[in-house]
Amino acid sequence: MAKVRRKEVMNSLQAAARLSRTALAARLLAHGLYAGQDQIMLLLDEEDGQTPGQLAARLGVRPPTVTKTIGRLQAQGYLEKRGSAIDARQANVSLTERGRDAIRAIEKAVRKTDRLAFKGLDKKERATLLALLTRIEANLTGGADVDDDDDEAVAAVEVDDEAA
């Protein structure tokens with residue numbers, strides 16, 4: 001039986017996430033977009049005319065981060081801001097025609113990165129991976145703490161050689 005250490009799993013998880021972001025960032029840069037800009041544009045493609053605060057909430061980031069990115073996208077001609085007809089204190093952000101054209105390039109970059117990342121994994125393996133990552137995400141967003149007593153139990157998980 002091989003032991004899989006928690007540290008090795010976390011290192012692999014973090015490396016895969018970092019490499020995935022890097023691969024996507026390289027593809028986006030070829031279209032003049034920077035990492036993070038794609039997320040705002042995809043959210044606006046789903047629902048145009050959101051406020052910076054709504055975008056920040058949906059992305060799970062602070063509003064100043066979104067405001068800065070919106071400014072850059074606006075300077076690149078991908079977005080425009082308009083005053084809200086409902087609340088003069090707020091602005092709504094919308095895709096421009098150039099922004100709508102860029103959505104196709106973003107979606108293509110995401111698809112290519114996905115294909116590369118999941119190369120060699122069958123549907124069952126991808127489903128298992130999704131289920132495991134969903135549980136990890138729930139653990140991390142739920143704020144559940146691991147007791148010191150549980151630390152030793154979590155430190156090494158036995159994995160059957162046949163499953164590895």
Side-chain angles (χ1 to χ4, degrees), residues 6-7 9-146:
R6 175 180 48 171
K7 183 177 179 182
V9 173
M10 285 305 295
N11 286 344
S12 290
L13 179 63
Q14 292 167 352
R18 185 176 50 255
L19 289 167
S20 172
R21 286 191 307 272
T22 300
L24 179 58
R27 284 185 174 83
L28 292 172
L29 192 55
H31 297 285
L33 294 162
Y34 297 98
Q37 291 180 327
D38 58 313
Q39 294 300 306
I40 290 174
M41 292 181 61
L42 290 171
L43 286 175
L44 291 171
D45 187 49
E46 288 175 18
E47 182 184 339
D48 213 18
Q50 296 181 64
T51 66
Q54 290 170 321
L55 291 167
R58 290 183 69 187
L59 291 170
V61 298
R62 295 173 4 112
T65 302
V66 169
T67 301
K68 192 174 187 179
T69 304
I70 289 169
R72 288 180 178 151
L73 286 166
Q74 198 174 2
Q76 291 172 278
Y78 294 119
L79 303 180
E80 62 185 0
K81 281 171 53 175
R82 293 188 201 132
S84 171
I86 299 168
D87 185 347
R89 298 171 296 169
Q90 291 190 347
N92 295 85
V93 182
S94 299
L95 291 168
T96 61
E97 196 58 41
R98 181 172 187 210
R100 290 190 195 295
D101 291 342
I103 292 295
R104 288 184 280 286
I106 292 170
E107 291 171 340
K108 184 176 180 181
V110 169
R111 279 192 309 274
K112 283 184 173 185
T113 304
D114 287 352
R115 278 196 300 270
L116 177 62
F118 297 121
K119 184 179 177 181
L121 297 178
D122 62 30
K123 287 181 182 181
K124 184 176 178 182
E125 289 170 322
R126 289 192 306 265
T128 300
L129 178 60
L130 176 60
L132 293 170
L133 291 173
T134 300
R135 284 175 53 192
I136 291 170
E137 187 177 350
N139 290 343
L140 294 172
T141 57
D145 288 327
V146 177

Exercise answer: donor-acceptor pairs, residues 41-54 side-chain atoms, under 3.5 Å, sequence neighbours excluded:
unit_1: Glu46; atom_1: OE1; unit_2: Arg58; atom_2: NH2; d: 3.0
unit_1: Asp48; atom_1: OD1; unit_2: Leu95; atom_2: N; d: 2.9
unit_1: Asp48; atom_1: OD2; unit_2: Arg100; atom_2: NH2; d: 2.8
unit_1: Gln50; atom_1: OE1; unit_2: Arg58; atom_2: NH1; d: 3.2
unit_1: Gln50; atom_1: NE2; unit_2: Leu43; atom_2: O; d: 3.1
unit_1: Gln50; atom_1: NE2; unit_2: Glu47; atom_2: O; d: 2.9
unit_1: Thr51; atom_1: OG1; unit_2: Gln54; atom_2: N; d: 3.1
unit_1: Thr51; atom_1: OG1; unit_2: Gln54; atom_2: OE1; d: 3.4
unit_1: Gln54; atom_1: OE1; unit_2: Thr51; atom_2: N; d: 2.7

Close side-chain approach of [X] and [Y], heavy atoms under 4.5 Å:
X	Y	result
Arg111	Lys108	yes
Arg126	Leu129	no
Gln37	Ile40	no

Check for a donor-acceptor pair, side chain of [X] on one end and backbone N or O of [Y] on the other, with a separation under 3.5 Å.
X	Y	value
Glu125	Asp122	yes
Asp38	Gly36	yes
Arg98	Gln76	yes
Ser20	Ala16	no

[atom1] of [X] to [atom2] of [Y]: how many Å apart, nearest 0.5 Å?
X	Y	atom1	atom2	value
Leu79	Asn92	CG	CG	12.5 Å
Leu29	Thr22	CG	OG1	12.0 Å
Glu137	Leu132	CD	CG	13.0 Å
Asp101	Ile106	CG	CD1	11.0 Å
Ile136	Leu13	CD1	CG	5.5 Å

Which atom pairs, one a donor and one an acceptor, fall under 3.5 Å between side chains of residues 61-70 and the rest of the protein, sequence neighbours left out?
unit_1: Thr67; atom_1: OG1; unit_2: Pro63; atom_2: O; d: 3.0
unit_1: Thr69; atom_1: OG1; unit_2: Thr65; atom_2: O; d: 3.1

For Ala102 and Tyr78, work out which heavy atoms get closest and say how close.
-> CB-CE2, 3.6 Å
Qualifying residues under side-chain contact (heavy atoms from CB on, under 4.5 Å), relative to Ala23, sequence neighbours excluded | Arg27, Thr113
